[in-house]
Each structure stands twice: as structure tokens, then as C-alpha cells.
Amino acid sequence: MIYLDNAATTPISLNALKTYNFYASEQFFNPSGIYNVVVKVKNDIQSAKETILNSLKTLKGNIIFTSSATEANNLAIFGSLKSNFKKIVLSMADHPSVYNVGLELENKGYNVEFCPLQKNGQIDYEALEQILDETTSLISIIHVCNETGAINDLKRINDLRNKKCPNAILHADGVQAFSKIKINLDYYGVDLYTISGHKMFAPKGIACLFVRDGLHLKPILYGGGQENNLRSGTENVPAIMALKTAVLEIGDIQKNYDYVKKLKDKFISNLKDVACIVNSNETNSPYILSLTFKGVNGETLVHMLEQNGIYVSTGSACSSKKKGNRILSSMSIRPEDVVGSIRVSFSKHNTFEEIETASTILKNCYNELIEKLR
Amino acid sequence: MKRVILLRFGELYLKGKNRGFFEKVLISNIKQALKGIECKFYKVTGRYIISDYDEMDETIIINKLTKIFGLVSLSVAVEMETNIESIKDYISNISIPQKSFRVSVTRADKTFPIKSNDFEKELGGLILKNNPTLKVKLKDYKTEIIVDIRENGLTYVLHDKIECEGGMPLGTAGKGLLLLSGGIDSPVAGYMIAKRGMSIVGLHFHSFPYTSEMAKQKVISLAKLISPYCGKIKLYLCPFTKIQEEIHKNCAPEFMITIMRRIMMKIAAKIAVKAGCKAIITGENLGQVASQTVESLTVTNFSQTQIPIFRPLIAFDKKDIINISRKIGTYETSILPYEDCCTVFLPKNPIIKPKLEKVIKEELKLDIETLVDNAIKNTEIIEC
């Protein structure tokens, strides 16, 4: 098997799994207990938060654990909402867990605006500057786009926020950024930041929201008041601790980045004889590669690859029955090309050999398919 | 005194000498549906009774029974020994949520000393005494309390009739081969034909890699979803990729869909014979798409003459099909967005009114017999 769908999910690392098992079977206590053995568990959760805050390079906030990044994104947006909120600004590149929240808020009567994208997949900063005004109360922009790997410049977005609407709250979904590109939340100046465990070798079912000190969110779940009253529900201690282990295993981000960039460049160069467009450029995250193949259906390519034990995903909804792809369409890619898109996403564990094999097979599959469809 | 469920059956009355066969199948279907639930089943004149079940299972039992073809309605009843005082005692404590009611007494036991009309009045009076805001209405009543005094010394008191599916018991009208595409229509067609007593075998054409494993799984899910009505379904999964590629390669693009459907029918006819099916059932619907014009359907019909093609939805509006699909619980699965084999190789301008001779001429470019035989050879069979 050659797994090139790492932006969808990753396997749990062995050490993270060991940690998980330890906290699931031995240190299984409910942190809300009041007896002595609970103290260690509580302290361990706190140490996990500190580890994550350190890796996010921030000294000014707290971590709220949630069950998924979708929940964290919902908490960030719904938790920030106040009755006097006027304009909410999102982007066309946002993940459905932000984008669809925006649509829901629009239905509820809020003024929601979606920032358009440039051809390279990043948000259009000039358009953003036009959209932001003193009525803007909340901005949420994805840090690294899950479909194209385009990296949005959070510092620049923060500067625009400070210039146009200093009181607005700034949230970024960092699911595809965390552990893959260098992050410094204090430098960016964001108020809320989402990360997810299962995209970086921690288990599924654990994610978290960074909340800047002084920002008061409202909970979206009510109950026992765990996580500073922001996320009721017994803490998922095994997953939290496994996430900590995975964070400690990230290693040298720059070194990993450079290695994966070489994998991506190799993959692209192996496809140079094929009628395929690379929907990303040098500044994108090398972990995600969006490709458009002319004249074919991306889904068919995905299935041909799966027959060869190679797993990638479609970059688009690809049937005439379905809606087109929002993100690629926003990058001015023609509808007939959107249909032929696939997403290849790498991890630091992929090898050059795998890249060589996968790109050769992809090339052959495409040539075979185009021949059959001629 | 205990709770029981009374079952009524409909058209079986019409069956004269064959009634025994129809009843036997119906009873076997009821028992099969209630397999694994502890309860007793027995017959009294003109109806069946389910008794001795755990009251917590009552909703599940009712849910299963309402999906059995051949049953017209059912009612939860209280069974008691025939005794005037106990009947009166029970009736006077009965609670009626609606404003108007009537009491109907049926007296199969002619030794019962009070005449039906008189007993109705007496019992109605008792209810009114305890519920002075209620009104008796002999017509247009909201609730009918039925007191059914049987010959066997037992009386049943019931209200609220729950409608069942009606139709004929599954398995009394032979077996048919249902073409399941994965869309909204075909599971509904299967349900409709099963309602007339025909058992179902499924056939799905898949076009990997143009369609996904998920599309195949979707069809398996649909077959499972209609099984409360149609029983467990044997599903034939036939690979169709090669055939589509060959048509695409050799024939004029506008004939793609027509030829594809004709070859599907040829395969279906052969599989039908193999599986002991006496008809092919499709979800086709006049005028819904280009391949469902009367001309297209005619050309499809002439692809084989061995087996009749039944199209239960031929005159249905799409909205009516969707309503049934929602009722039987297949709609949400049917609309899952996976490619089905009809959308692959879709020509820009499919022929809407094909002429048989032209289609046959176009088909000469293919070795249809070999293609059909190979597809059948590689067909996989699963039990859903």
C-alpha cells in the first residue's frame, strides 16, 4: 500500500498508541474525581496543554480540548457570537466545518461575507481589505487550505484586522498547518486557532481550540463544566495524552518540510509529460498537492490507483449530479478541469521509492484512461 | 386480561380454493418477520393473533407487521374471558383522548345473553358516566371502541386501527429480477412489485473504476433497506466496464445509452432464467430521461423476448416515487452522490427516439454474445 491521502487522516503513531492504552487501561480515572489518584491525571492534562501551547509558540492563551476540529471550529464561531455581531467574514477556501457554519449564520440573518481567492488559492488580501469594515465582528480564515495546500498569511490578515476592525475576533483553522509548517500564534496575533489530532499521527476523536487570554467564549455544550466551562463532557484523557505524545514526536518542522517538498517536487516532475495542471505553487504547503488531469474524471483515476494499492482522494465532487468544487472553482479553474482534479497528500513517512512508484502508476493510469476515452 | 395484537388480512378472502396456499405463505412470512422475538401466534376465525409477548417489544412487533404484504390492518387489543362484569369494568376505565366516540359490539358467540345493540348502549353509557365531556357519535366519530365477543369464550376490546401495507403475501406471485441502479426509482419498483406478491432477486451493473466500491456498497445497502418488505435479497453484481468501453470504442456516441440498456436486458434475461425469475423489473418511468421515451423503451424491449419486463413505475410522477421512497426508507441512501454506471460515458446528445433497425445495425459492430457471456461469467452473487 502507498498511502498518499495524509490530509484526510494519518495512522496513530506507535508511541501515541502506547500512551493511549496506558491512559485507557491504567490511568483511566475521571479527572473530575476528588480522590488522590485523579491528581496525576489532572496534572497530565495540564502538561498536554502546555506542550501544545509551546508548539504553537504562544504564552498568552489556553487550550480547550474538543472531540474534533469540526467541534472546535463550531465552538470558535458560535462561541464568539454576540447579539450585537454584525458582519462575519469567512473565506471561500474554508473547510466545510467553517463554511457551512457561515451558511447557517447567513440563514439566521447575520451578514456573512466570503472572501474570494486568488488564482494561487490564497485569499485575495485586497478583496479582504475591502470587505473588512468597522462592523466586522468575527473573521475566520483557514491557515492551510485542505484541498490545495495554499497557505494564508495570518500576520497579514491580522494587520488588516487591526487596521480596519480592531475589535473583531480572528480565528484560524490550523488543521493542515499544525506540525507541518512553522507556527507562531503570538506573532500572527490570532485569537482562536484550531488543531486536530488525527492529521498528525494522534488518534481520531481529539482536537483542540486555542483561546487567547481575555477572550470570553460561550460554550456550545452544557453539562459538568469541564475545560473552564467551555466544553462540558468527561475529558478524553487517553486521546489527549496520545495527542501530547504525537506533538512531542513532530521533530524538526523545517527538516520535515524540506523533505516533503522534495517528495512533492519529485512527484510533479515525474508527471511532466502528462496533460496535468498543478493547482499549487512554490509557496504552498508541500504536504498537499492538487492536480488537474485534462479530459478525465478524477474519481476514475482514484479508483484506478486504488486497484494498484495507491490511495489518494478526489479534489472535487466529480459527477454531473453533484455540485462543483467550491474551492477550485473559486480559483478560476474551469468546471471541466475541476472534474479532473485529484488531491495527493504526503507525510514525512513517505519515501522517494513510494513517490516514484505512485507517480509512474498515476501516469500510466491516466494514459490508459485517456486512450479508452478517446 | 392481557394485551394482544389482532391482524386482519384483505384480498386473501377473494382467493377461493387457493386461499390455503396464500394463507400458508402469509403465516410463514409473519413468523419469519417475528423470528427472534418471543411471542405466540395463533389463528381465530378471520384473523390472526399475536400474544404472550413482552410489552416492551410491542412497538417493534407492530413495526415489523405493518411491512408484511397481505396484512391490511392491525390493532392492539385487550383479551379477556367473556364475562359481562369484567367487560363493563374494563370499558368504564378506558381512556379516550378524542372528543367523540362510539362503541361497536360484534357477537360471534350467540350464547352471550345481551344483544349487541343493547350492550353497545350500556357500555357507551358507562364511558360517558366517567367522561362527561365526551360525546357519542355513531357517524364521524374520532374513536371506535370495538368489543369483539368470540365463540371461544374470549372477548377482545380494541380501538385504533393501524394500517398495514395490504397487497398480496410475498412469494405468492413467483420471483422477479429487479434491476437495481442505486438511484431513487429501482428500490421503489422492487417494493411495488413485491407488494403484489413477487419475490425479488437483484441485479446491479457496476463499472469499476468509473464507479466506486462505494457505489456498489450503496446498492447493497438499498437491497438491505427494502428487505423488511421484500425479504432477504440475493444480489447479482455484474461487471459492465468492458461492455461500456467496447460500445464507446466501436459505436456512434449517440447510441451509447440505447445499446447499453439493450445489453443490460440481454444479461438480465439470461440471469433471470438462471435464477428462476419469471420477469424483469425496472424502475423505468415514461419520459423521465432520454432513455425512457416510448421509442427507447420499445427498442429496449426488443433486446430479448424470453422474459417479460415489468415497469411498476411507468406512469408515476417523480414526486410520487420520491414519496414512496421516503416512506420505505430508501431515499436518503438513494441520493448519496456516487457515480452510477449510467452517468459514465454519457454522450452529449443521446438519441431520444431510436429506430430498432438502426440500433441493430450499430450493434453489429460489437461481439455482443461474447461480451454478455463474459459479464455473466464474472458476475458475483451476494446475499443481502
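Sequence lines set the chain letters: A, B, ... in the order given, protein chains first and strands last, and positions in each chain run from 1.
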How about CD on A:Glu336, more than 12 heavy atoms from neighbouring residues, nucleotides or ligands closer than 6.0 Å, or not? yes
Verify whether the ring centers belonging to B:Phe208 and A:His303 lie closer than 6.0 Å. yes
Using a heavy-atom cutoff of under 4.5 Å, enumerate the residues of residues 358-374 of chain A that contact chain B, numbered in order, or state 'none'. A:Leu369, A:Lys372, A:Leu373, A:Arg374
Above 12 or not: heavy atoms from other molecules or residues under 6.0 Å from CG of B:Asn349? no
How about B:Lys249: does its NZ atom have over 12 heavy atoms from other parts shown lying under 6.0 Å from it? no
Tell me, yes or no, whether the heavy-atom count around B:Lys355 atom NZ, taken from other residues, nucleotides or ligands under 6.0 Å, exceeds 12. no
Does B:Phe302, at its CZ atom, have more than 12 non-hydrogen atoms belonging to other residues, nucleotides or ligands within less than 6.0 Å? no
Determine whether more than 12 heavy atoms belonging to other residues, nucleotides or ligands lie under 6.0 Å from atom NZ of B:Lys224. no
